[in-house]
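As the structure lists them, so they are numbered: ligands from 1, and atoms in each ligand from 1. As a basis for the values below, the full set of heavy atoms in this structure was taken, side chains included, without hydrogen atoms, waters or symmetry mates.
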Amino acid sequence: MVLFSPAHTMALWKGMKKDELERQYSPSQWSHRMSADDVIKSHVASLKEGTLKARSLAKTLLDVPYGDGDGEKLDVYMPTNGPSQGFPIVIYIHGGYWQFLSKEESGFMAVPLVQRGVAVAAVGYDIAPKGNMDLIVSQVRSSIVSIVQKYSHTSGVYLCGHSAGAHLAAMVLCTDWSQYSMTPQIKGAFLVSGIYDLLPILSTYVNEPLKMTEDVALRNSPGQLVPQLKQSSSACHIVVAVAQNDSPEFRCQSENFFKDLESMGLTVTFEDVPDTDHFNVIERFVDEDYQLTQLLLKIMEKN
Ligand SMILES: N[C@@H](CC(=O)c1ccccc1NC=O)C(=O)O
């Protein structure tokens, strides 16, 4: 395995004590809106509410298997109007540190999109401790192949992932598709408040259920795989978005990954989203007027 080491990366986290590192990787402690407990409760409630609304608005196909495992299922939210084929599809990969959340509260971004003739698929995967990092990454990759095969008449496939889901979406972009039955063409990817270097979390509470070794963290770090990403996803418009009130470490993760992609000559945009924290930066996708919803619609129109 050839690993890519970007020259500019300043690993500030290496000088941090464990408690500071854990604070940097505790998104709920950085919200300016609520206490840590409340912002997580409110996040889950908001995602659930949005998903219920999407399920009432759209025609849905729920629990569609993309593999043989119990957890290998996805939900599809179909456009409410427009042509019955030739629509774009956005595949949403949920966050939650690879150990929380599920597809059951991950349909919320369909609310504005299905009404604009866009389909949304919410991917489920085996969170830890049932799943480990290698398995989760391979499940998400398989789900993309399955969707692209089943919806071969779409006008384009787009990815969106939040937090750990942005990491997984980036890992999809880094895939060597020669191991798969086909090569999905992904036109755009929204990576929202993601983690692209897994090394800093190895020694934190985040890794307790994941039990990653350094090898596992390295081979699953998109920041180490930028040359493969360039080979597999050179036609993809990548948006790296981060919340204004994300922790400095989270903001560095996004800035560094953006710079690595930019220096490789990829089509990439950086969005520093004002007045948001780690949680509402994605919750606000239920709103058609949200700046990231508008950018997604604009990018889909151009393609
Ligand atoms: N310990 C983490 C918990 C966390 O990130 C989280 C918890 C429940 C559901 C989602 C979460 N994170 C991102 O989606 C935190 O401090 O925010």
Side-chain angles (χ1 to χ4, degrees), residues 13 16-52 71 91-109 122-131 133 136-137 140 159-171 190-198 200-212 217 220 222 240-254 257 273 276-286 290 292:
W13 63 269
M16 286 180 195
K17 295 205 170 76
K18 187 170 188 273
D19 61 341
E20 176 58 13
L21 203 50
E22 297 205 323
R23 195 171 73 92
Q24 291 285 334
Y25 285 97
S26 297
S28 58
Q29 294 193 29
W30 298 84
S31 172
H32 296 187
R33 293 180 295 142
M34 291 175 227
S35 72
D37 282 357
D38 286 349
V39 79
I40 291 176
K41 276 189 205 134
S42 149
H43 183 54
V44 176
S46 155
L47 300 180
K48 277 192 180 149
E49 186 193 329
T51 302
L52 283 177
I91 304 173
Y92 180 71
I93 306 164
H94 72 77
Y97 271 160
W98 310 274
Q99 57 199 270
F100 311 109
L101 301 179
S102 73
K103 72 175 177 61
E104 302 312 318
E105 55 284 317
S106 301
F108 58 94
M109 75 182 298
V123 170
Y125 53 85
D126 283 321
I127 56 174
K130 188 174 182 218
M133 189 59 71
I136 293 170
V137 168
V140 172
L159 300 181
C160 178
H162 171 235
S163 194
H167 160 267
L168 295 169
M171 287 302 288
F190 270 64
L191 309 177
V192 183
S193 284
I195 299 185
Y196 310 100
D197 176 4
L198 301 184
I201 63 171
L202 274 178
S203 63
T204 70
Y205 75 97
V206 178
N207 196 31
E208 281 168 21
L210 290 164
K211 299 190 163 55
M212 289 187 289
N220 290 293
V240 177
V242 72
Q244 184 187 358
N245 299 324
D246 256 318
S247 72
E249 263 294 297
F250 263 87
R251 291 181 55 82
C252 267
Q253 286 262 359
S254 286
F257 191 54
V273 190
T276 54
D277 56 43
H278 189 77
F279 301 95
N280 62 0
V281 72
I282 194 75
E283 292 164 10
R284 290 176 60 189
F285 265 101
V286 288
Y290 180 41
L292 293 184

Top protein contact for atom 14 (O) of ligand 1, by heavy-atom distance: G96 N, 3.5 Å
Applying a strict 4.0 Å limit to heavy atoms, is Q29 in contact with ligand 1? no
Could you tell me whether the side chain of Q253 and the main chain of D197 form a donor-acceptor pair under 3.5 Å? yes
V140 and M171, any side-chain heavy atoms less than 4.5 Å apart: no
Which label fits F250 and H278: parallel for a plane angle under 30°, tilted from 30 to 60°, or perpendicular past 60°? perpendicular
Looking only at protein heavy atoms, what sits closest to atom 5 (O) of ligand 1 is Y97 CD1, 3.9 Å
Sub-4.0 Å atoms of ligand 1 with respect to non-hydrogen atoms of H43: 14 (O)
Y25 heavy atom under 4.0 Å from ligand 1: no
Closest approach of any protein heavy atom to atom 3 (C) of ligand 1, naming residue and atom: I40 CD1, 3.7 Å
Taking atom types as modelled, is there a side-chain donor on E20 or Q24 under 3.5 Å from an acceptor on the other? yes
Is there a side-chain contact between F279 and S42 in this structure, where contact means two heavy atoms from C-beta onward sitting under 4.5 Å apart? no
Looking only at distances, please establish whether an N/O atom of ligand 1 is found under 3.5 Å from an N/O atom of Y205. yes
Taking only heavy atoms of F279 into account, list the atoms of ligand 1 that are under 4.0 Å away from them. 12 (N), 13 (C), 17 (O)
Starting from atom 6 (C) of ligand 1, what is the nearest protein heavy atom, named by residue and atom, and what distance separates them? F100 CD1, 3.8 Å
Exactly one of L191, I282, I93 should register a side-chain contact (heavy atoms from CB on, under 4.5 Å) with C160. Which one does? I282
Check: S102 main-chain N/O paired with E104 side-chain donor or acceptor under 3.5 Å: no
Would you check whether S28 has a nitrogen or oxygen atom less than 3.5 angstrom from a nitrogen or oxygen atom of ligand 1? yes
